[in-house]
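Working notes, beginning with the structure itself.
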Amino acid sequence: MQATAYICLVIATLCWGGNSVAGKLALGHISPMMLTFLRWFLAVAMIAVISVPQLRKDWPVVRKNLPLLLFYGVIGYTLFNAMLYSAVQYTTAINVAIEQAGIPMLIFLLNFMFFRTGISLAQCLGFGMTLIGIALTAAHGDLATLLQLSLNRGDGLMLIAIAAYSVYTIFLRWKPPLDWRTLMAVPALGAMLTSLPLLLWEAGRGAAQWPDQAGWVITLYTAIFPSLVAQILYIKGVVAIGANRAGLFINLVPVFGTLLSVALIGEQLQSFHVIALVLTLGGIAIAEKGRPKASAPTVPATPVDKAFPGQERL
């Protein structure tokens, strides 16, 4: 059922919204590359507890697809998060939120350029609505402030981040037929290994900061929810409804980040937050309702789907 895919994608974006808040809260408690490395170190340790027996069974397929699986970890896990955690040190929350909203647009563009994936007028309209919602959230209800934005080093880092996650999403179409535990374990291992040189580079600059108590809480959250839960559910969503449609849900990340800031940091909920949420959800609904009817599945059914029974392929 498509409802299952929608639920998976909403929960995934909720976890990632929390990741954006965690990145801001981490400042002063743990350095960006330390957070990136420890996040994936803990994630690998947790997934290894339940995945080692299955990994042995899947090893022949893993060995044939090892470069692709490691690539998932490098570009979708390490590069995206390292750039995001670094960007918040240089740029404003307004810039970061708007730039993250570019991920679905880039997914649409790449799919059209390389695979001629059809795009309907309703999908364009839906994307426009969600973009307005994100801009409204980022500008705190005053769209005029968007005219005053300027690009800096942090914005450049976020552009790298959104390009990385867009490419990761596109490459999921070639995901090998593996159990979900293996599909999480190998890219997570790749992410941990490739984040180690970044940590060494940070330490060489004298900028590495070992986490304090608050830093450990933030690290544990990022290891469990954005790293494991969200990635599994996002893969499930892409498998079920395709990269174009699943990517549109990423526009919920800044909205959830705002709402979680209200709940966790105590910021006041404003009317524009509610309007932005309505625009974002409405845009997703319009894009889904008016999607091209004759769209082939992005990737074939795999054992990952068996972990979520009752899901029909499109």
Side-chain angles (χ1 to χ4, degrees), residues 3-26 30 32 35-36 38-47 50 72-73 75-85 87-88 93 96-97 100-101 103-104 107 130 134 137 158 161-162 164-166 168-169 172 180-181 183-185 187-188 191-192 195 215-241 243 245-265 277 280-281 284 304 307-308:
T4 302
Y6 299 158
I7 292 172
C8 289
L9 290 168
V10 169
I11 295 175
T13 54
L14 176 60
C15 292
W16 284 327
N19 185 47
S20 301
V21 175
K24 297 174 185 177
L25 292 175
I30 181 173
L35 175 58
T36 303
L38 290 179
R39 166 183 176 171
W40 291 111
F41 178 83
L42 293 177
V44 168
M46 288 185 283
I47 196 66
I50 60 174
Y72 286 155
I75 195 167
Y77 299 177
T78 299
L79 185 57
F80 175 79
N81 288 288
M83 295 299 100
L84 186 148
Y85 294 150
V88 294
V96 169
Q100 279 185 311
I103 294 177
I107 292 173
T130 59
I134 298 307
T137 302
M158 277 306 301
I162 66 171
Y165 211 83
S166 299
Y168 163 76
T169 300
L172 284 177
W180 70 271
R181 290 163 290 187
L183 194 61
M184 274 303 307
M192 184 192 73
S195 63
W216 277 116
V217 172
I218 294 169
T219 301
L220 190 60
Y221 168 82
T222 60
I224 296 174
F225 293 99
S227 301
L228 297 180
V229 176
Q231 294 294 347
I232 292 171
L233 295 181
Y234 184 68
I235 290 173
K236 175 59 182 174
V238 172
V239 167
I241 64 175
R245 295 167 62 194
L248 191 62
F249 282 75
I250 295 176
N251 277 323
L252 285 173
V253 172
V255 175
F256 281 137
T258 298
L259 296 178
L260 288 172
S261 295
V262 172
L264 300 178
I265 305 178
L277 185 58
T280 303
L281 295 176
I284 291 173
V304 175
F308 302 86

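All residue numbers in this chain count up from 1 along the given sequence. The figures that follow rest on heavy atoms only: side chains count, while hydrogens, waters and symmetry mates do not. None of the values given here were measured: they were computed from a predicted structure.
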Closest non-hydrogen atom pair, A164 against L79
CB-CD2, 3.6 Å

Test side-chain contact (heavy atoms from CB on, under 4.5 Å) applied to P32 - qualifying residues, sequence neighbours left out:
Y85, S86, Q89, E202

Could you walk me through whether Y168 and F80 satisfy the side chain to side chain contact (heavy atoms under 4.5 Å, CB included) test, starting with their C-alpha distance in whole Å, then the side-chain angles of each, then the deciding distance to 0.1 Å, before giving a yes or no?
CA-CA 10 Å; Y168 163 76; F80 175 79; over 6 Å; no

Could you please spell out the steps behind the side chain to side chain contact (heavy atoms under 4.5 Å, CB included) verdict for L25 and L264?
CA-CA 10 Å; L25 292 175; L264 300 178; 5.6 Å; no

Between atom CD1 of I30 and atom OG1 of T219, what is the distance when rounded to the nearest 0.5 Å?
3.5 Å

Answer whether the closest heavy-atom distance between the side chains of M184 and Y72 falls below 4.5 Å.
no

Any idea which heavy atoms bring V229 and C15 closest together, and the distance?
CG1-SG, 4.2 Å

Gap separating the CG atom of L9 from the CZ atom of R245, nearest 0.5 angstrom
9.5 Å

Between CD1 of I103 and OG of S166, what distance do you get to the nearest 0.5 Å?
5.5 Å

When you compare the side chain of L38 with that of T222, does any pair of heavy atoms fall below 4.5 Å?
no

Check side chain to side chain donor-acceptor pair (under 3.5 Å) between T78 and all other residues, then give those that pass, not counting sequence neighbours.
T194

Can you tell me how far CG of L14 sits from CG of L260, rounded to the nearest 0.5 angstrom?
5.5 Å

Note: A12 and L233 closest approach over all heavy atoms is CB-CB, 4.1 Å

Kindly indicate whether the side chain of Q231, heavy atoms from C-beta on, has any atom under 4.5 Å from the side chain of W180.
no

So which heavy atom on A5 is nearest to which on A240, and how close?
CB-CB, 3.8 Å

What do the steps show when you test N81 against L35 for side chain to side chain contact (heavy atoms under 4.5 Å, CB included), and what is the final call?
CA-CA 9 Å; N81 288 288; L35 175 58; over 6 Å; no

Who are the ring-ring contact (aromatic ring centres under 6.0 Å, His included) partners of F225, not counting sequence neighbours?
Y221

For the residue pair R39 and S195, establish whether any side-chain heavy-atom pair is separated by less than 4.5 Å.
no

Determine whether S227 and Y77 make a side-chain contact, defined as any pair of heavy atoms from C-beta on separated by less than 4.5 Å.
no

Any chance you could measure L84, atom CG, to T36, atom OG1, to the nearest 0.5 Å?
9.0 Å

Check: W16 ring centroid to Y165 ring centroid under 6.0 Å
yes

Are the side chains of T169 and Y234 in contact, using a 4.5 Å heavy-atom criterion?
yes

Donor-acceptor under 3.5 Å (T13 side chain, V10 main chain):
yes

Can you give me the closest heavy-atom contact between R181 and I47, atom names plus distance?
O-CG1, 4.1 Å

